[in-house]
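Okay, structure first, notes after.
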Amino acid sequence: MKAAQFHAKEDLRIEDVPEPSPGPGQVKLRNAFAGICGSDLHVYYSPEAAGLDFDHPHPITGSTLPQILGHEFSGTVVELGEGVDDVVVGDRVAVWPIYYCGECPACRRGMFNACQKIGFHGLSSRGGGMAEFTTVDATKLHVLPENVDLRMGALVEPMAVAWHAVTRGGVEAGGTALIAGAGPIGIGVWFALKARGIEKVLVSEPSADRRAIIAALGATVVDPVNEDLAAAVAALTDGDGVDVAFDAAGAGPAVTSSLASLVSGGRVVVVAIHERTMEFLPTQLVMAETEIAGALAYLPEDFEAVIEAMSRGVYDTTGWVQEVALEQVVDAIHSLRGGAGAKILVQAG
């Protein structure tokens, strides 16, 4: 079968590899679509800084390079391994791709998304979504309802990242929010807020193209470079400040401006990965009893919540999702690195 295999820095190849067979408790999927994630860009351009150890077998999966990429993906069940009886051939699914140890402090607290040995199918596993087929444990499958197609199913994973971040934000219906960054995760945060009844949302984004994309979906936007962000927040909240702000940009100024935009007792949720350190004055937190929280990946219930919201028609892919063939994945990575587009789905099968 054809697969996109990562070998080394800036070395991703479309190759013929053996077609997998499911073991006990596993299923074989015909992959449909796989999203290109920011993590894939980190792996491709800077594997040493991607937070993954490619020099040793993964402690949970035992995988080594080369690695088939694709951890945001959907597919159709085509074969069942021994003992699998809760899905059937023909089911269309999204895949919760996390591998966790079950023993570390995070796992013992049910925080499998923060496992100290965490792995992902399509990043540190045998197989991935950017191939014609893959095999995964049946427990990782989330069956899609009839009105959620496979294209939307491949977006469940990144939208679950955003959903989990909104959960960490603790904002309730009728609240107010600021989103810094209008890439795929920022867009996902906007949809998750909308799904939960938070209508007063401001999106801060310096890129004119990305502002236009999310504005076309119905969001209120501001250019933090050439416009007055503080004034826009004041207008949204009658001068109070927002209940919660989300850093989906991964830049220091996004965090500092988010902190300055909070109401007393508000919270900043950092969901973006930062490549550089930043400075801020912790006294800011003291004087207004504000706080900063992190949000990493997702739990299975986040997948279920996103799929349910998709079935209600909350999510709209117009203008921000495009598709490419498997053979075009390297060009697509280069394009995303250059700032073009928002979310690219690879047609895997």
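The first residue of the sequence shown is numbered 1, and numbering continues consecutively from there.
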Under the 3.5 angstrom rule, does the side chain of [X] hit a backbone N or O of [Y] as a donor-acceptor pair?
{"X": "Gln5", "Y": "Glu15", "answer": "no"}
{"X": "Asp16", "Y": "Ala3", "answer": "no"}
{"X": "Arg210", "Y": "Ala342", "answer": "no"}
{"X": "Ser46", "Y": "Glu48", "answer": "no"}
{"X": "Arg92", "Y": "Val148", "answer": "yes"}
{"X": "Asp40", "Y": "Cys37", "answer": "yes"}
{"X": "Asp137", "Y": "Lys140", "answer": "no"}
{"X": "Gln67", "Y": "Leu69", "answer": "no"}
{"X": "Glu132", "Y": "Lys2", "answer": "yes"}

Through direct or indirect side-chain contacts below 4.5 angstrom among Ile, Leu, Val, Met, Phe, Trp and Tyr, which residues connect to Ile60? Tyr99
Taking the hydrophobic residues Ile, Leu, Val, Met, Phe, Trp and Tyr, and joining any pair whose side-chain heavy atoms are under 4.5 Å apart, which ones share a cluster with Val88? none
When you compare the side chain of [Y] with that of [X], does any pair of heavy atoms fall below 4.5 Å?
{"X": "Asn113", "Y": "Tyr298", "result": "no"}
{"X": "Ile36", "Y": "Leu336", "result": "yes"}
{"X": "Leu236", "Y": "Val242", "result": "yes"}
{"X": "Val77", "Y": "Leu141", "result": "yes"}
{"X": "Tyr45", "Y": "Arg337", "result": "yes"}
{"X": "Phe246", "Y": "Val268", "result": "no"}
{"X": "Ser39", "Y": "Leu123", "result": "yes"}
{"X": "Ile118", "Y": "Ile98", "result": "yes"}

Heavy-atom closest pair, residues [X] and [Y]:
{"X": "Ala195", "Y": "Val314", "answer": "CB-CG1, 3.9 Å"}
{"X": "Thr135", "Y": "Pro20", "answer": "CG2-CB, 3.8 Å"}
{"X": "Ala34", "Y": "Gly70", "answer": "CB-CA, 4.4 Å"}
{"X": "Leu144", "Y": "Gly153", "answer": "CD1-CA, 3.8 Å"}
{"X": "Gly110", "Y": "Leu299", "answer": "O-CD2, 3.7 Å"}
{"X": "Val244", "Y": "Gly169", "answer": "CG2-CA, 3.8 Å"}

Identify, with sequence neighbours excluded, every residue that meets side chain to side chain donor-acceptor pair (under 3.5 Å) alongside [X].
{"X": "Arg196", "value": "Thr167"}
{"X": "Thr237", "value": "none"}
{"X": "Glu327", "value": "none"}

Once you round to the nearest 0.5 Å, how far does [atom1] of [X] lie from [atom2] of [Y]?
{"X": "Ser124", "Y": "Lys117", "atom1": "OG", "atom2": "NZ", "value": "13.5 Å"}
{"X": "Met152", "Y": "Asn147", "atom1": "CE", "atom2": "CG", "value": "9.5 Å"}
{"X": "Met159", "Y": "Glu72", "atom1": "CE", "atom2": "CD", "value": "8.0 Å"}
{"X": "Leu296", "Y": "Cys115", "atom1": "CG", "atom2": "SG", "value": "10.5 Å"}
{"X": "Ile198", "Y": "Glu172", "atom1": "CD1", "atom2": "CD", "value": "8.5 Å"}

Hydrophobic cluster identity match, [X] and [Y], side-chain contacts under 4.5 Å:
{"X": "Phe120", "Y": "Leu41", "result": "yes"}
{"X": "Val166", "Y": "Val269", "result": "yes"}
{"X": "Phe33", "Y": "Ile344", "result": "yes"}
{"X": "Leu150", "Y": "Met1", "result": "no"}

Only distances under 3.5 Å count here; give the side-chain donor-acceptor pairs of residues 249-264 to other protein atoms, sequence neighbours excluded, each with its distance to 0.1 Å.
unit_1, atom_1, unit_2, atom_2, d
Thr256, OG1, Gly252, O, 3.4
Thr256, OG1, Pro253, O, 3.1
Ser257, OG, Pro253, O, 2.8
Ser257, OG, Ala254, O, 3.2
Ser258, OG, Ala254, O, 2.6
Ser261, OG, Ser257, O, 2.7

N-O pairing of Lys9 and Asp11 below 4.0 Å: no
Residue Leu65 excluded, over 12 heavy atoms near CG under 6.0 Å: yes
Would you say Arg276 has more than 12 foreign heavy atoms packed within less than 6.0 Å of its CZ? no
Side chain to side chain contact (heavy atoms under 4.5 Å, CB included) filter on Pro105, not counting sequence neighbours, yields Arg108, Gln116
Sequence neighbours excluded, which residues qualify as side chain to side chain contact (heavy atoms under 4.5 Å, CB included) partners of Ala293? Arg168, Arg267
His58 vs Asp53, side chain to side chain donor-acceptor pair (under 3.5 Å): CA-CA, chis, key distance, verdict: CA-CA 7 Å; His58 190 272; Asp53 179 5; over 6 Å; no
Under 3.5 Å, sequence neighbours excluded: what are the donor-acceptor pairs made by side chains of residues 176-194?
unit_1, atom_1, unit_2, atom_2, d
Thr176, OG1, Asp243, N, 3.0
Thr176, OG1, Asp243, OD2, 3.3

Do any side-chain atoms of residues 219-232 form donor-acceptor pairs under 3.5 angstrom with protein atoms, and if so which ones, sequence neighbours left out?
unit_1, atom_1, unit_2, atom_2, d
Asp223, OD1, Val225, N, 2.9
Asp223, OD1, Asn226, N, 3.4
Asp223, OD2, Asn226, ND2, 2.9
Glu227, OE1, Asp223, N, 2.6
Asp228, OD1, Ala230, N, 3.2
Asp228, OD1, Ala231, N, 3.0

Step by step, work out the side chain to side chain donor-acceptor pair (under 3.5 Å) result for Asp316 and Thr318. CA-CA 6 Å; Asp316 181 356; Thr318 303; 2.6 Å; yes
For residues 126-156, the ring-ring contact (aromatic ring centres under 6.0 Å, His included) pairs (sequence neighbours left out) are His142-Phe303
Should Thr317 and Arg151 be marked as a side chain to side chain donor-acceptor pair (under 3.5 Å) after you check the CA-CA gap, both sets of side-chain angles, and the distance that decides it? CA-CA 9 Å; Thr317 62; Arg151 186 174 185 262; 2.9 Å; yes
Is the ring centre of His334 less than 6.0 Å from the ring centre of Tyr44? yes
Donor-acceptor contacts, no H, no angles, side chain residues 22-30, under 3.5 Å, sequence neighbours left out:
unit_1, atom_1, unit_2, atom_2, d
Gln26, OE1, Gly23, N, 2.8
Lys28, NZ, Glu19, OE2, 2.5

